[in-house]
Amino acid sequence: MFAFAPITQTLPKLVTKFVKNVKLLDEIGYTDFDVVSDDVGTLETNGKIAWLREIEFDLPGLDFASVALLSGNGMTEVAFSHRRRPDFEFRLFNLDAALRLKTDLLQRVRQNNDGKWIPELDAKGAPKPAEIVVSGAEVVMTADSDISIIGAPTMTLPAVALGETGIVLEITELEIYLSAKQTPPTGAPPGFKGVAIKKATMHFTRDFGGATPTGATCTDLLIGSSGFSGRVEAYWTVTYG
Amino acid sequence: MIGIADFYLPVVRPPKKFLTDPLSYYSAIEGLGVNVIASSQAPGAPMEITVENPEVTHPDSDIPMSTVFAATTGFVSYLQGDVVLRVWGPDFDDLVKPEDGLRPNRIAYSLLDAASVQEAIENQIAKLPLPVLKESWTESGAGIPPDDSDALESALVQRFMAGTASIFVAAGTPLGRGSTAPGVNGDVAQLTLTPFFDPWGPTAAVSVPPEDLVDSALAVLRLPKFAGHPLIKAINAIINVHFQSRFLIWDNGIFDYVPFANGMVTLLAGAPLPAALADLIPTVPVATAPTDGAGQIDLTVPLPARAMISFRYATTNKTYGNRLFVKDIETDPHKARLNLDTNFNNTKDYKAKHEIFPDYQAFLEDIADQDTNEVFGEDRGNASWQDRKNLLEMAAIVVPDYAELNAIFTQRDRLRQISAFESFYKAEVIRPKAKTFNLLCEGDSWLNYPLAFNDIYGHLDQIFWSRLKPDIAYNRIPLQHLGDRSDHMFLSQSGKVRQWNFTEDFLAEYQIDLILCSAGGNDFAEPGISNSFKTEPYKSFLTDGSFNPFAAQGSLTASEMAAAKKLMQQSFAVLLRNHRWNFFLQNPSGTQLDETAMEAALTPLLAAVGTAFGPTPAMLQAMGVPPGSVSNAWAPMVLQPIGSKVIANFPDTYSPGSPAEALLHFVFDMGSITGLWEQRYAQVKTLWQVLLTKTQGLGIPVVSHTYGYPLFNENPASYLGWGNTNITGPWFNHRFREANITDRRIQKICLKAIVDNFVNVVFNPLKLQYPLFDYVDIRNLNSATDLWRDEMHLRATGYKKIAEKIYETVAANPNLSHFFET
């Protein structure tokens with residue numbers, strides 16, 4: 001059965017007055033909901049939330065990236081559960097979203113037919129932002145605004161160039177830290193929120209003094225609330241004539 | 001309406017504007033010949049509603065009386081000729097839940113005129129944004145949607161009427177009109193109301209008596225809209241209730257209910273048709289009956305179905321359990337029509353007990369009413385008139401600051417938690433103690449700092465919710481309040497009711513599993529009569545940033561001077577030998593050293609301790625650091641290096657005669673039996689012993705925490721830590737400067753010593769003396785400027801880390817670990 005409750009119709013008018021782009025909220029809505037449990041001390045609502053096109057927004061406390069709710073053709077629906085009592089908890093199931101990193105240091109690139117790394121551009125010719133696509137995520141938010149991703153969602157980050165260094169990273173393993181409850185990655189301060197790059201293949205797109213590095217490592221690469229940090233090392237075999 | 005979700009009865013809408021006299025409004029409608037008749041075939045069966053003269057319009061609109069309104073916000077569908085409303089979650093929560101029943105998550109309206117339903121829904125569909133209409137079109141498989149909104153709307157209307165689309169409506173939205181039928185005095189409009197709860201999954205739906213849904217109109221905050229409503233009058237018949245009830249009373253010797261045997265109970269009733277809050281409180285004695293040995297009565301009384309009733313137990317001057325009752329107690333009120341079988345027999349087990357919360361709330365509100373006296377700090381730290389306001393009262397005044405409003409919410413939220421605790425022990429079914437985790441909290445702003453989640457309690461509460469085993473019920477009694485000192489918490493006073501009386505009462509009445517306590521910080525941070533003191537005549541004697549007792553002497557009356565002395569006596573400043581309050585109280589013939597003399601005296605003492613305490617005053621001056629308290633912008637460059645070095649290099653303990661002791665002896669009034677430093681710690685320890693002696697006897701574990709070193713911020717408290725509006729503080733750095741101690745390294749060393757000494761002379765001896773007492777040492781947990789909100793309080797991240805540490809200690813306690821997931 002078709003149903004759509006625009007979020008603007010479900011929020012108090014006072015709240016919508018503070019929203020800059022109310023029209024955008026018209027395209028996010030509930031397509032299903034139900035009170036599913038009203039036991040002693042427990043009240044839980046389940047349902048589905050949907051959006052009609054890709055929506056990008058900032059989240060308080062998450063200043064290293066914006067969040068984009070990805071959309072295919074037409075309406076995208078995600079199931080949610082909302083526990084109101086005894087303690088607040090909001091869960092989104094099977095969410096596809098992108099964390100768009102707010103840094104000029106990482107430029108999204110791709111390999112062309114010649115094997116060269118070139119910038120990825122959008123339809124207007126502007127560089128596409130570096131983004132981590134999270135697929136099939138279960139996202140949990142608790143009353144203290146703590147957000148965590150549970151389960152094992154698929155996470156991908158397209159290849160990125162490290163500024164003008166001539167180094168391209170193809171990231172094969174990363175972890176997202178959205179919850180201050182998580183133990184921070186090595187090298188990060190307590191309460192770190194961001195992305196830790198665990199494993200990456202490095203490519204060199206320019207000449208480093210006439211020699212191609214014979215090996216390279218990157219360690220503790222962190223993008224997040226503490227900025228962008230980490231260590232990249234390259235090795236050369238030097239032959240003395 | 002503020003504070004409660006909108007709700008509408010199915011017929012006869014209240015006026016659009018807020019009512020002051022609903023009885024006159026509905027009376028005028030009835031005067032136009034509009035009569036509502038309602039009945040059910042059997043108790044709990046669907047309610048058949050008939051409206052006479054249905055074409056009469058509402059007084060403030062052209063909507064006819066035949067119109068049917070959505071009870072709540074939600075999705076409506078048209079299924080087999082019935083309009084079915086799926087109740088929106090927040091609205092569901094505000095429906096009245098009968099003690100022995102369910103609330104509906106579905107409401108079916110039958111017998112509505114189909115054409116009028118379509119017309120009503122067309123109005124709702126017209127409000128939908130174009131992309132939504134297009135999505136509906138696409139989803140129906142009709143191909144590429146047109147841009148013509150009329151065509152899109154029309155298609156969605158057809159889908160709705162065919163039962164393949166739901167439309168979202170707000171509470172009170174017209175859903176159509178009742179169908180027309182011939183009546184005695186002309187045509188009438190009729191409909192059938194069927195509420196039910198449809199659980200998740202394959203479980204069958206459960207019907208909800210329509211009368212229970214209608215009762216939501218009689219919730220306190222809705223009475224101004226619905227008092228005298230024709231539908232409520234239509235179902236408010238007189239019923240003969242046969243009470244074959246049993247009466248139980250709480251025995252705090254065994255922490256369980258026992259029969260109220262061979263006693264006397266009095267049935268009390270409220271107004272027959274509630275029209276105001278007072279009518280919901282049963283006060284009129286209707287009948288009295290003796291209870292037998294099993295606590296039962298046999299009594300038949302005619303009662304209006306919607307009148308509120310309760311029973312009063314004659315308990316005055318009688319002892320039950322360990323308690324001598326000083327007044328009668330009452331059961332919770334309910335509507336007379338509830339708890340009846342089909343023959344109007346009431347066989348309910350009524351429960352009544354000594355209740356602490358009502359008196360505690362009155363105690364707090366009394367303090368709040370006298371908030372102008374709070375500067376003297378007799379009862380609480382920072383009670384405020386705002387603490388006692390409810391939402392409607394707050395709406396009626398101009399609230400100057402959003403955050404201020406939220407501060408009240410946290411206060412009221414904690415009161416609600418205490419109320420819920422007591423309600424838990426009055427419920428029909430009470431979980432066994434082994435499945436109930438009861439927490440009592442007492443403390444200061446580290447457990448209660450507005451807004452929510454800016455203190456340890458907010459975070460620990462969340463942790464407990466998430467880590468308790470699913471079958472464990474969690475109750476809490478949060479008594480903490482920002483600004484409270486140990487004496488506010490634990491001091492008894494003959495002839496005066498104080499906080500400790502209530503704490504003792506809670507401990508006597510309930511089995512508490514854990515006490516979380518944070519006490520002592522304000523005993524060392526009290527401002528005394530600082531420059532923020534606004535009360536006359538003291539305000540007139542503020543010079544150089546604080547009260548000048550030498551100047552005030554002779555001008556103040558004896559009682560005014562006694563009050564001033566008391567405030568100075570309990571302040572932080574008086575601990576400093578070179579502060580004028582110390583001279584006034586301890587050494588009147590002495591002379592305060594000026595800044596140069598103090599520097600000359602302190603510099604060699606500091607040098608003897610060491611040099612690695614961060615930037616010197618000269619270095620800070622060269623850096624361009626402004627005088628006075630440093631801002632957050634300077635904190636990483638000034639306070640971080642000094643704080644880190646002081647923590648690393650100044651010892652936590654020191655031996656007699658050591659350079660560290662010599663430095664502290666010069667700064668603080670310490671080293672003798674009359675030393676204010678020693679007296680202050682002894683007083684705090686004595687007050688802690690009041691709590692721990694009590695709890696040790698009851699076998700209740702008590703967990704506390706050290707304070708963090710307050711070295712990383714010098715700002716006063718402000719709402720959200722934004723610095724827009726200062727609330728109180730800073731607590732220390734002004735006082736040091738008043739004592740001409742300007743070297744930050746020495747200031748921070750002294751603050752570290754205060755926190756360390758608290759552990760050394762208060763917590764550690766207490767831990768040895770009371771095996772059930774434990775504390776979490778978090779002194780080094782938050783040693784960074786970005787974790788401090790103001791001079792004395794952490795930001796949420798810092799408090800959360802402490803909460804996690806406390807949880808580790810609690811979960812590891814063998815007396816408590818069984819409550820938690822491993």
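Just so it is clear: chains get the letters A, B, ... in the order the sequence lines come, proteins before strands, and each one is counted from 1.
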Q. Hey, are the side chains of E135(B) and T31(A) touching, using non-hydrogen atoms and a 4.5 Å cut-off?
A. no
Q) Can you tell me if CD on E821(B) sees more than 12 non-hydrogen neighbours from other groups inside 6.0 Å? A) yes
Q. Side chain, backbone, both or neither: which part of D32(A) has a heavy atom under 4.5 Å from chain B?
A. both
Q.
For a quick test of reading the model, state the closest non-hydrogen atom pair linking F4(A) to F168(B) and the distance between them.
A. O-CB, 4.4 Å
Q. Chain A: which of L156(B), L102(B), V87(B), D198(B) shares the most heavy-atom pairs with it under 4.5 Å?
A. V87(B)
Q | Residue F92(B) versus chain A: region with a heavy atom under 4.5 Å | A | side chain
Q | Approximate separation, where rounding is to 0.5 Å, of Q462(B) CD and E89(A) CD | A | 9.5 Å
Q.
Using heavy-atom distances under 4.5 Å, tell me whether T73(B) contacts chain A through its side chain, its backbone, both, or neither.
A. neither
**Q.** Closest approach of G89(B) to R84(A) (non-hydrogen atoms, all atoms of both residues)
**A.** O-NE, 4.4 Å
Q. Does a side-chain heavy-atom distance below 4.5 Å link V132(B) with M75(A)?
A. no
Q: Provide the closest heavy-atom pair for M1(A) versus G163(B) in the form atom of the first, atom of the second, distance.
A: CE-O, 2.9 Å
(Q) Counting heavy-atom pairs under 4.5 Å with chain A, which one of A170(B), P129(B), A420(B), G74(B) comes out on top? (A) P129(B)
**Q.** Spacing of CG belonging to L43(A) relative to CZ belonging to R103(B), to within rounding of 0.5 Å
**A.** 6.0 Å
(Q) Less than 4.5 Å to any heavy atom of chain A: does that hold for the side chain of S77(B), its backbone, both, or neither? (A) side chain
Q.
Minimum heavy-atom separation for A3(A) and F75(B), please, with both atom names.
A. CB-CE2, 3.7 Å
Q: Answer with side chain, backbone, both or neither: which region of L79(B) has an atom nearer than 4.5 Å to a non-hydrogen atom of chain A?
A: side chain
Q: Please report the shortest heavy-atom distance between R86(B) and F33(A), naming the atom on each side.
A: NH1-O, 3.3 Å
**Q.** Side chain / backbone / both / neither for D461(B) at chain A, heavy atoms under 4.5 Å
**A.** neither
Q.
If the threshold is 4.0 Å, N to carboxylate O, is there a salt bridge linking R106(B) and D34(A)?
A. yes
Q: Sort F197(B) into side chain, backbone, both or neither according to what part of it lies under 4.5 angstrom from a heavy atom of chain A.
A: side chain
Q. Is it the backbone or the side chain of V169(B) that comes under 4.5 Å from a heavy atom of chain A, or both, or neither?
A. neither
Q: Among D93(B), N105(B), T138(B), I167(B), single out the residue with the greatest number of heavy-atom pairs under 4.5 Å to chain A.
A: D93(B)
